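Presented below is the structure to which this report refers.
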Amino acid sequence: MKRKLALIASLAVAAVIIPAAASSASGGDHHGWPYEEVAGGLVSPLHLAVGTGKSLYVTQDFAATLSRIGRDGDVEDIYAKGVEGWDVAGVETRGATTFFLESTGAGLGEPAKLEGYLKAIGPGGDVRTIADLAEYERKYNPDGNQKYGFASGTGAACLAETTPPDGEGGPPPQYKGVVDSHPYATAVQGNTAYVADAGMNAILRVNIRTGEISTLAVLPPRPFTIPAEAAKELMAPSCAGFTYAFEFVPTDVEIGPDGWLYVTSLPGGPESEALGHRGAIFKVNPWTGATRLWVDYILSPTGLAVANTGDVYVASLFGNEILKFHAWKGHRTQFLKVNQPADVEIQGRTLYATIDALPGPPAGPGAAPPAGPPAGKVIKADIR
């Protein structure tokens, strides 16, 4: 169930429920602030990092490829898995070393087949595996004690309705975290890599020298009272008015100037107007793992960056905008109106972002994927 409600499934559902709005005019937004296209022709550019010498690193997730964008905008693939069913995700650079994540969905329903790794690639192209994250999940299942679903005492009729005979349909009535791993984003500081795993619903701490893994924090489930329209959409009409605890799915992790980790999260179920904007940003203490909600009511927050001022910039994938949350109080404004932004990074006074991150949804069941060349882009804009 967890992977079904995890990141890629959530994106796929949301892509159908909330069609992307038309992108803003090339070269600017409704504020009139300029932005510049750095590179294009990318396949699902969901993650971004700033390297040395003004180079950029971008993951083309669904193509399982890690690419470097030079100062002239040329795109060079520096790593490609070359195996169907895998994805390359969260990327981070430290000096001449680039860290990235790699995983496969082949273990869906079969934990023994899960694979997920933190890897590093050096300037000469040599790739090494730092940690086996899927094996850690099999051994420890960090959210195995978390209770998801309806609270105890929910009406029997509603519980029965949410468990159809064929096992498909609405969400399960009550369950605990199952064995699943989908490492999705990473941040590196010193000898530690922090990994946001969208299958575990956890933030892991990895020693990049020894490969030792520990659980820093598990994102808490957040109970949600289901309105009538949402209950119908979830195929459980009689559950309207009951409270359901969805899994919160981490999508990015960054280190702020206050030393805390900032973590964006999807709400663990379909994102639609019926359920409302339920994405959030959590702050996690990197020393103790203490976790607290910072801001919520965000539509599909899939990437964030923290400026030296403490201001936080967030890519709202299906909100078709990049939001700015002002330091300390979290007051929000729209920074840029762009089509399907997936990730953001900041270097100095420049914000980089991936946009047009997903291919358009098929026209209907059984329809062929959208035709045409890859349309993903990296842009940059001044922050003010």
Side-chain angles (χ1 to χ4, degrees), residues 1-10 47 61 64 81 83 85-92 99-120 127-149 172 174-221 245-253 261 263 265-266 268 282 284-291:
M1 179 62 187
K2 190 188 299 183
R3 184 175 285 271
K4 181 180 178 183
L5 292 180
L7 183 67
I8 297 302
S10 295
H47 302 276
D61 285 45
K81 181 64 179 179
V83 179
W86 286 74
D87 66 58
V88 169
V91 59
E92 178 78 301
F99 300 87
F100 66 97
L101 301 164
E102 181 180 81
S103 64
T104 177
L108 179 58
E110 299 181 75
K113 294 184 178 180
L114 282 173
E115 293 189 70
Y117 306 97
L118 171 64
K119 295 188 172 186
V127 177
R128 63 185 176 95
T129 297
I130 297 173
D132 186 335
L133 304 168
E135 181 61 23
Y136 181 82
E137 166 71 350
R138 277 188 288 270
K139 287 183 177 180
Y140 301 105
N141 189 15
D143 76 335
N145 291 323
Q146 291 278 31
K147 295 180 180 180
Y148 302 110
Q174 295 168 341
Y175 66 105
K176 291 185 178 181
V178 299
V179 175
D180 187 23
S181 176
H182 185 186
Y184 195 71
T186 188
V188 179
Q189 184 176 61
N191 292 328
T192 301
Y194 299 97
V195 176
D197 193 300
M200 298 183 203
N201 302 326
I203 306 300
L204 304 178
R205 185 165 38 200
V206 182
N207 185 309
I208 61 175
R209 292 187 180 275
T210 67
E212 181 181 359
I213 308 170
S214 60
T215 301
L216 176 64
V218 175
L219 293 192
F246 287 97
E247 303 177 38
F248 259 60
V249 180
T251 56
D252 199 6
V253 55
L261 306 183
V263 179
S265 67
L266 296 181
F282 291 90
V284 178
N285 186 312
W287 301 280
T288 67
T291 301

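We count residues from 1, following the sequence as given. Please read all numbers here as calculations on a predicted model, not as lab measurements.
- Put simply, CG on L118 and CG on L204 are 10.0 Å apart, with the number rounded to the nearest 0.5 Å.
- N145 meets the side chain to side chain donor-acceptor pair (under 3.5 Å) test with no other residue; sequence neighbours excluded.
- Of the N and O atoms on the side chains of S181 and Y136, not one donor lies less than 3.5 Å from an acceptor on the other residue.
- Between the CD atom of E135 and the CD1 atom of I213 there is a distance of 9.0 Å, given to the nearest 0.5 Å.
- To the nearest 0.5 Å, atoms CG (L133) and CD (E115) are separated by 12.0 Å.
- In summary, the side chains of Y194 and E92 do not present any donor paired with an acceptor at a separation below 3.5 Å, with no hydrogens or angles considered.
- Distance check, rounded to the nearest 0.5 Å: OG1 of T251 to NE2 of H47 gives 8.5 Å.
- Among residues two or more places apart in sequence or in another chain, the side-chain contact (heavy atoms from CB on, under 4.5 Å) test is passed with A217 by V284, T291.
- Minimum heavy-atom separation, T129 to K119: OG1-CE, 3.4 Å.
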*Residues D143, F248; criterion side-chain contact (heavy atoms from CB on, under 4.5 Å); working and verdict*: CA-CA 11 Å; D143 76 335; F248 259 60; over 6 Å; no
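- Taking both residues in full, the closest heavy atoms of L216 and P286 are given as CD1-O, 3.7 Å, listed atom of the first, atom of the second, then distance.
- Contact annotation: the side chain of I203 approaches that of P250 to within less than 4.5 Å [non-hydrogen atoms, C-beta and beyond].
- Contact check for Q146 versus K176: no side-chain heavy atoms found under the 4.5 Å cut-off.
- Nearest heavy atoms, L101 versus P183: CD1-C, 3.8 Å.
- A 6.0 Å sphere centred on OH of Y140 holds no more than 12 heavy atoms belonging to other residues, nucleotides or ligands.
- The side-chain contact (heavy atoms from CB on, under 4.5 Å) test applied to S214 returns R205, not counting sequence neighbours.
- For A245, the side-chain contact (heavy atoms from CB on, under 4.5 Å) partners are P221, not counting sequence neighbours.
- Across D180 and D197, no two heavy atoms sit closer than the pair O-OD1, 4.5 Å.
- V195 is not listed as a side-chain neighbour of F99, based on a closest heavy-atom distance of 4.5 Å or more.
- Across every non-hydrogen atom of V218 and T215, the tightest pair is CG2-CG2, 4.1 Å.
- Applying the salt bridge (charged side-chain N to carboxylate O under 4.0 Å, His left out) test to E212 and every residue at least two apart in sequence or in another chain returns nothing.
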*Derivation of the side-chain contact (heavy atoms from CB on, under 4.5 Å) call for T104 and V83*: CA-CA 10 Å; T104 177; V83 179; over 6 Å; no
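- In this structure, F282 and L219 have side chains that are in contact, with non-hydrogen atoms separated by less than 4.5 Å.
- Counting heavy atoms from C-beta on, the side chains of D87 and H182 come closer than 4.5 Å.
- Between T192 and I208 there is no side-chain heavy-atom pair separated by less than 4.5 Å.
- Partners of A64 by side-chain contact (heavy atoms from CB on, under 4.5 Å), not counting sequence neighbours, listed by chain and number: K81, W86, V88.
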_Please determine whether side-chain contact (heavy atoms from CB on, under 4.5 Å) holds for the pair D61 and Y184, giving the CA-CA distance in whole Å, both sets of side-chain angles, and the decisive distance to 0.1 Å._
CA-CA 10 Å; D61 285 45; Y184 195 71; 4.1 Å; yes
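- Residues V249 and N201 form a side-chain contact, since some pair of their non-hydrogen atoms from C-beta on lies under 4.5 Å apart.
- Contact between V253 and A187 at its shortest, heavy atoms only, is O-CB, 3.5 Å.
- A donor-acceptor contact shorter than 3.5 Å links the side chain of R138 to the backbone of P111.
- At distances below 3.5 Å, at least one donor-acceptor pair connects side-chain atoms of N141 with backbone N or O atoms of G177.
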